Trainee: 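Questions regarding the structure given below will be posed in turn.
Keep in mind it's a predicted model, so treat the numbers as computed, not measured. A, B, ... follow the sequence lines: proteins, then strands. Residue 1 opens every chain. As a basis for the values below, the full set of heavy atoms in this structure was taken, side chains included, without hydrogen atoms, waters or symmetry mates.
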Amino acid sequence: MIRRTLAVAVKELLQLKRDPRSTLSLLGVPIVLLLIYGFALSFDVHHIRLAVIDQDGTQAARDLSQAFLESGYFDLVYQGTDPRPLDHLLDDGRAQAAVVIPYRYGADLENGRPTTVQFVLDGSDSQMATTILGYARQIVTSISPTLRLRGAEGPVAPLPLVWYNPDLASSRFLVPGLVAFILMITTVIATSLSVVREKERGTMESLRATPLVAIELLLGKTLPYLLLASASAAGSLLLANILFAVPIHGSLLWLGAVTLLFLLGGLGWGVFISTLADSQQVAFQMSLLSTMLPTLVLSGFVFPISSMPRAVQLITHIIPARYYLVALRGIVLKGVGPEYWWGQAVSLGVFAVLMLTLAMVRTIRSL
Amino acid sequence: MSMLVNLVIKELLQLKRDPKILPLLFLAPVLQLLILGYAATTDIRQVELAVCDLDHTAASRQLVDHLTGSTYFRRTATVSSQAELGPLLGSGAARIALTIPAGYQAERLSRRPGKVQILADGSDAMVGTIGLGYALSALQAETARGGLQPQIELRPKVLYNPDLLSRDFMVPGVLAMISMIMTMMLTAMALVREREIGTMEQLLVTPLKPSQLIVGKLVPYALVGFIEILTALPFVLYWFHVPLRGSLLLLLALLFPFMLCTLGLGLLVSTLSRTQQQAMMLTAFIFMLPQVFLSGFVFPIQNMPRAFQLVTYLVPLRYFVVILRGVFLKGVGITVLWPQVAALVTLGTVILILARLRFRQQLG
């Protein structure tokens, strides 16, 4: 059995060798993609286009707008005293936010009266707007004097402390997600054509004439890709570590084991698609539709699963990247051992076995 | 002209022949929209909170109630020593942990700062940042309740999306993404498939000109793509209740320059590759991922390094995202959106010319 499996694997490797463009892309694509997008993706907002409408004109008002500009988050794109052009500025996107400092702001501050400053912002990108509003609140709080009312208690003094990623750099959290996302797509796409191609070209008949059984055929088809995928996974993780300063606090051995399970699941999913589809076109569509957006949106890579509606949270359980991400972030960022993520590893294993079994059942039927 | 029509009909018939492709074409987009529309939310709610109250006084309980009473937090654990917080954050059972040391109430009553500690899990930077922000502003409100008030109050006024719902922003984006994937996928295989199966020669001996052949391959898929969007659009408007402030007609009209680009890119891939496998890789990795990551759909363009910002000008989805958000949320018209439309038309034309050139090279 082992000999026949190896024979299929060697045949598949030879075929890969004949098509160096595809092989190279399998090996190199994940690394190149990580290299590109690792730099591009970030949630840290900078260069916010700010308009300042200063109706007061006092030194205190100038101090406030200065505080916004000196924070490093905002770029001044417009300055005026009349609020009427604001609507237009925000409509065509020239400004994203505006501070409106009211008349008597300076006088109120001097006389110890409470005063308000209006902050107008473009909410169409809600996430960015939330971040911008957070920055603005911080700035105003930091320069605002405190009014002590009669009978006041002491303030609550928070001591914030961030674990695992002290400066809350979004890259440290996004890059592991990107690795999982890219690996998922490459593994599924790599194998999704492997069986259907034989069907479409009519070479399935010649395979059928050999004494191969389903499991030998499938393992033989999967093994070469597992080899390639492991190499590119190792490369991607190394790159994440060196270039993007993603620390690896946990054990390398566990990292390798969990990654292997994840890759096997992706390859199994690809092979299963390949046995389902009758043409390469359908296989291609099934693999893209089932990996690209679902992994991007449902895995916790970008959108937090805990904020999704209950029913959608249930659906995320069929996305293997979801489990891998928890284990991956756990191992590399938190440095925790298997007692914290064994459930995820088991789920990955179950997924891989399930996919390969389903693919086998389909192949037995067609052989 | 009649030959062209025949080619279009042949292409549509071919689509119909594969029984697995029709559900993929029309069911998949709606299904994906329904699931992903709900999932693509950046409204962070129900952050898992662990509480360690060592003070056990009225003031400390009030502080805890203040945090857990909002929809921002969900209390998942109550512990009696700080040492127990480590495993909770390690396993992800808690993302924010609040510790109130003994003596908190006494300090505050004697007008001294009552220290509390907030631990945040930074490994999920988004939840960590926003959860920390929620906690800090809740504590500030607690300070204000005790009689200390910041003199300057910031009064936010959010335009276009006052409740800052990410759904109104994300659902149209998901729709654009789905239509991009579907249209590119269809045309990417269009020519290379004929070549691999060997029917390309037959097409070439017909008196069809190469440009007619390209148009004949584009029109049926443009039709399919347009019908797909028409099926999915009612779900955006009536299921997710995304407000459409601008004109529906304008939205539908602007679909065409966008599809010109995505269909053209698919065709270009088809002329660039020799096998269907290559076509698939090229589409997925070289042409599709940039649209996902560099379009501003999820990751704001202004946060990217300069060089990447320049690359985004080549990404059709970038312009279409602006159009979608403009028409849906801001209700602006063509007077504001014309630069985007012009960019899409230019890009689409260039892409088609490239595809046409590649096609001639291959024939020769």
Side-chain angles (χ1 to χ4, degrees), chain A residues 22 25 29 37 40-42 47 90 92 114 116-124 126-129 133-134 140 144-147 149 152-162 164-165 168 170 173 193 280-282 284-285 289 293 297-298 302-304 307-309 312 329 333-334 336 340, chain B residues 20 24 28 36 38-42 44-45 90-91 108 111-120 122-123 125 127 129 133 139 142-143 146-161 164 166 169 185 189 276-277 280-281 285 293 298-300 302-304 308 325 329 336:
Chain A
S22 300
S25 47
V29 153
Y37 298 117
L41 306 190
S42 152
H47 301 293
L90 280 128
D92 64 10
T116 56
V117 169
Q118 196 182 40
F119 191 67
V120 187
L121 78 165
D122 176 349
S124 59
S126 58
Q127 194 204 340
M128 193 149 46
L133 190 57
V140 170
S144 171
T146 306
L147 286 183
L149 306 179
E153 297 173 7
V156 183
L159 304 166
L161 184 63
V162 181
Y164 314 126
N165 179 9
L168 283 168
S170 62
F173 138 81
L193 294 187
Q280 294 191 52
Q281 192 179 16
V282 172
F284 173 42
Q285 297 189 347
L289 286 179
L293 284 184
V297 178
L298 296 174
V302 185
F303 303 104
S307 303
M308 296 174 192
V312 178
R329 284 182 185 145
L333 294 180
K334 300 182 178 176
V336 295
Y340 288 111
Chain B
K20 276 178 195 146
L24 268 186
L36 303 183
Y38 278 115
T41 170
T42 50
I44 308 228
R45 295 281 183 279
S91 67
R108 285 198 68 195
R111 292 189 167 204
R112 278 191 300 270
K115 294 193 183 81
V116 297
Q117 191 193 47
I118 308 170
L119 266 180
S123 71
V127 177
T129 311
L139 295 187
E142 194 58 34
T143 303
L148 288 173
Q149 243 175 27
Q151 193 177 1
I152 308 171
E153 186 199 343
L154 190 73
R155 194 165 290 172
K157 176 183 170 196
V158 182
L159 300 180
Y160 315 125
N161 183 5
L164 283 175
S166 65
F169 170 70
M185 219 163 52
M189 294 287 190
Q276 293 190 53
Q277 192 175 18
M280 193 164 153
M281 303 260 184
F285 298 127
F293 287 131
V298 186
F299 301 95
Q302 72 191 79
N303 302 352
M304 297 173 190
F308 286 97
R325 289 174 182 161
L329 295 177
V336 173

Trainee: Tell me the closest heavy-atom pair linking B/M185 and A/F284, and the distance in Å.
Mentor: CG-CE2, 3.5 Å
Trainee: What pair of heavy atoms forms the shortest contact from B/E142 to B/R108, and how long is it?
Mentor: O-NH2, 3.5 Å
Trainee: A/Y340: what forms a side chain to side chain donor-acceptor pair (under 3.5 Å) with it, not counting sequence neighbours?
Mentor: none
Trainee: Check each atom of B/V298 against the heavy atoms of chain A and say whether the ones under 4.5 Å are side chain, backbone, both or neither.
Mentor: both
Trainee: Counting only non-hydrogen atoms closer than 4.5 Å, does B/A28 touch chain A with its backbone (N, CA, C, O), its side chain (CB onward), both, or neither?
Mentor: side chain
Trainee: Return the OG to NZ distance between B/S123 and A/K334, rounded to the nearest 0.5 Å.
Mentor: 4.0 Å
Trainee: Let's test your reading of the structure: which of A/T146, A/L333, A/L133 forms the most heavy-atom pairs below 4.5 Å with chain B?
Mentor: A/T146
Trainee: Let's test your reading of the structure: which of B/M304, B/Q276, B/R325 forms the most heavy-atom pairs below 4.5 Å with chain A?
Mentor: B/Q276
Trainee: Could you look at A/Y37 and say if it's the side chain, the backbone, both or neither that has a heavy atom under 4.5 Å from chain B?
Mentor: side chain
Trainee: If you count heavy-atom pairs under 4.5 Å between each of A/M128, A/M308, A/Q285 and chain B, which one has the most?
Mentor: A/Q285
Trainee: Side chain from CB out, backbone as N, CA, C, O: work out which of these in B/V127 comes under 4.5 Å of a heavy atom of chain A, or both, or neither.
Mentor: side chain
Trainee: Under the side chain to side chain donor-acceptor pair (under 3.5 Å) test, which residues partner A/Q118, sequence neighbours left out?
Mentor: none
Trainee: Please classify the contact of A/L298 with chain B as side chain, backbone, both or neither, using a heavy-atom distance under 4.5 Å.
Mentor: side chain
Trainee: Given A/V120 and A/L90, is the side-chain contact (heavy atoms from CB on, under 4.5 Å) satisfied, shown in steps?
Mentor: CA-CA 9 Å; A/V120 187; A/L90 280 128; 4.0 Å; yes
Trainee: Of the backbone (N, CA, C, O) and the side chain (C-beta and beyond), which part of B/F308 lies under 4.5 Å from a heavy atom of chain A, both, or neither?
Mentor: side chain
Trainee: Side chain, backbone, both or neither: which part of A/V282 has a heavy atom under 4.5 Å from chain B?
Mentor: both
Trainee: So how far is it from B/M280 CE to A/L193 CG, rounded to the nearest 0.5 Å?
Mentor: 4.0 Å
Trainee: Which bit of B/L36 comes within less than 4.5 Å of chain A, counting heavy atoms only: side chain, backbone, both or neither?
Mentor: both
Trainee: Are B/L139 and B/V116 close enough that some pair of their side-chain heavy atoms sits under 4.5 Å apart?
Mentor: yes
